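Single-structure report; data block below.
Computed from a predicted structure; not experimentally measured. One-based numbering, in listed order, for ligands and for the atoms of each.
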Amino acid sequence: MKLVVIGGVAAGMSAASKFRRLNPDAKIVVYEKGSYLSYGACGLPYYVSGENDDYTKMIARTKEQFEAMGMEIHLQHEVVKVVPEKKQVMIKDRYSNKLFIDTYDKLMVSTGTIPLIPPFPGRDLANIHVLKTLEDGIVLKKIADQPSIKDVVIVGGGYIGIEVVEAMLRLGKRVRVVELADRILRTFDSELTEMAEQELVEHGVELNLGEKVEGFIGTDTVQAVQTDKGQYRADLVLLSIGVKPATKFLDGSGISLAENGAVIIDREMRTNVKDVYSAGDCAQVYHKVMEENAFIPLGTNANKCGRLAGANMAGQHQKYVGTLGSAAIKVCNLEMGRTGLSEFEAQNLAIDYSTVFVKSADHPGYYPDQTPIWIKLICEKRTRRILGAQAIGQKGAVLRIDIFAVAIHNGMSADELGMTDLVYAPPFAGVWDAVHIACNAVK
Ligand SMILES: Cc1cc2nc3c(=O)[nH]c(=O)nc-3n(C[C@H](O)[C@H](O)[C@H](O)COP(=O)(O)OP(=O)(O)OC[C@H]3O[C@@H](n4cnc5c(N)ncnc54)[C@H](O)[C@@H]3O)c2cc1C
């Protein structure tokens with residue numbers, strides 16, 4: 001039995017590790033286009049900011065550690081073609097540029113995404129970067145650390161863009177966000193994003209919302225960003241406008257892809273082609289509330305689905321319980337979390353829903369340092385089942401979202417969660433916790 005893994009970060013190495021544990025004698029070969037394996041890209045903004053001064057801390061396991069588990073690891077090797085009829089893959093050795101063929105019994109496609117980079121005029125100027133890989137993080141940090149870099153423009157106000165905003169503020173830069181949409185962090189609803197925008201503005205960030213980048217100006221190095229509304233000084237630009245699945249090499253393979261290029265898989269991570277599995281950012285993922293596949297490129301799903309793929313390639317039939325799109329972000333002194341459906345998603349699914357947006361607090365006022373927490377709930381009108389939850393506050397907001405995730409996962413109604421026996425002691429929570437208060441406000 002021979003497993004070939006294409007892409008060796010979260011999904012790929014989770015699959016390879018699980019497969020190895022279940023199948024100690026199998027041959028496992030990993031082809032990874034980059035120079036690093038098995039690292040937590042989620043830690044990159046905190047490396048750029050200097051909060052973590054050692055990028056090797058983000059590496060969960062090294063090449064040598066995987067080799068000690070009996071895996072054959074090829075870094076700087078890019079799979080350029082898959083031929084399922086022959087159970088073959090074609091690989092380009094990026095050191096020598098030579099092509100060669102390998103064969104598999106089971107194939108794992110875990111190639112993640114690539115950042116979207118439109119062909120803006122001036123795109124090739126120095127100091128215009130993306131943040132996707134560990135290599136990107138190392139380069140971005142080196143540039144950002146230079147004292148001559150004073151004005152940073154972040155194009156795109158999604159998770160990565162806003163995390164880098166904070167990193168740049170920590171490094172003492174002047175920061176501007178240019179975002180095409182009328183608000184940032186659009187997986188959250190506007191009640192919360194307005195508060196996040198306010199927080200950024202209070203920390204000196206210039207927010208240019210509803211503004212379209214048209215190109216970059218400079219001689220060798222970027223000096224300004226040109227938008228449809230103005231021109232802004234920039235010594236460094238981060239492009240964070242989204243990602244697309246890294247699946248171009250599957251063209252002609254017969255493996256079914258969605259319109260955006262994500263590999264279509266079932267809940268066991270099987271593609272439409274026998275013995276070819278896929279998981280992580282390059283693939284779709286089953287959504288528990290939507291009851292259909294969605295594209296939600298997050299480490300949460302990549303690790304779990306990769307592990308399931310490994311188990312299933314070893315002969316098991318484990319189904320993913322389904323994502324809720326649970327995610328969190330820190331925006332200066334605020335933390336934000338979300339799970340399940342946003343109001344926008346509920347609208348798109350034509351669900352008859354109701355919402356509440358409730359302000360309460362992390363603990364009672366008679367214990368020091370009480371801070372407010374705002375919670376938004378999206379519930380099905382007829383059943384009062386909780387479909388989605390979002391929270392924002394200075395502390396305690398994000399982990400309350402995990403309570404809602406478990407409730408949504410188990411189909412609980414607002415009434416049931418509103419009476420669930422959560423902990424109470426003044427340093428931590430009120431007798432009616434913020435979670436109860438929001439649930440009991442549902443009409
Ligand atoms: C800055 C940043 C912050 C993030 N923060 C969070 C967070 O807080 N929470 C969260 O849940 N998620 C977060 N994520 C997302 C998370 O990192 C990804 O969901 C996760 O890494 C996906 O894992 P993956 O294995 O599917 O893909 P990737 O990590 O993208 O790995 C795919 C690998 O495949 C390789 N590859 C691609 N094509 C080929 C090919 N043809 N041949 C060989 N190799 C190939 C690539 O080089 C890459 O190393 C963040 C991501 C970034 C960039």
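Among all non-hydrogen protein atoms, the one lying nearest atom 10 (C) of ligand 1 is G299 N, 3.4 Å. Protein heavy atom in closest approach to atom 25 (O) of ligand 1: A11 N, 2.9 Å. In terms of protein heavy atoms, atom 4 (C) of ligand 1 is closest to C42 CA, 3.4 Å. Annotation: atom 2 (C) of ligand 1 to nearest protein heavy atom, A41 O, 3.4 Å. Looking only at protein heavy atoms, the nearest one to atom 47 (O) of ligand 1 is E32 OE2, 2.6 Å. When hydrogens are left out, the protein atom nearest atom 45 (C) of ligand 1 is K33 CB, 3.6 Å; that is the closest non-hydrogen contact.
Using a 30° and 60° split on the angle between ring planes, Y47 and Y55 fall in the perpendicular class, above 60°. Using the six-membered ring where Trp is involved, Y36 and Y39 have ring planes that are perpendicular, over 60° apart on the 30 and 60° scheme.
Atom numbering of ligand 1 starts at 1 in the shown order; those under 4.0 Å from a heavy atom of A10 are 23 (O), 25 (O). Contact atoms of ligand 1 toward I6: 40 (C), 42 (N), 43 (C) (distance under 4.0 Å to a heavy atom of the residue). Which parts of ligand 1 touch K132 is read off a 4.0 Å heavy-atom cut-off, strictly below it: atoms 28 (P), 30 (O), 53 (C). The contact set between ligand 1 and I160, taken as ligand atoms under 4.0 Å from a residue heavy atom, comprises 1 (C), 2 (C), 52 (C), 53 (C). Heavy-atom proximity to L298, at under 4.0 Å, picks out these atoms of ligand 1: 10 (C), 11 (O), 12 (N), 19 (O). Residue-ligand proximity, G280 to ligand 1, at heavy-atom distances under 4.0 Å covers atoms 26 (O).
For the 3.5 Å distance criterion, the side chains of E345 and Y353 fail to qualify, holding no donor opposite an acceptor.
Contacts between A302 and ligand 1 below 4.0 angstrom, taking non-hydrogen atoms only, involve the side chain exclusively. Counting heavy atoms under 4.0 Å from ligand 1, residue E163 touches it through the side chain alone. By the criterion of a heavy-atom distance under 4.0 Å, both the backbone and the side chain of D281 are placed next to ligand 1.
Taking the centre and axis of the six-membered ring of Y286, the NZ or CZ atom of R267 falls inside the cone set by 45° and 6.0 Å.
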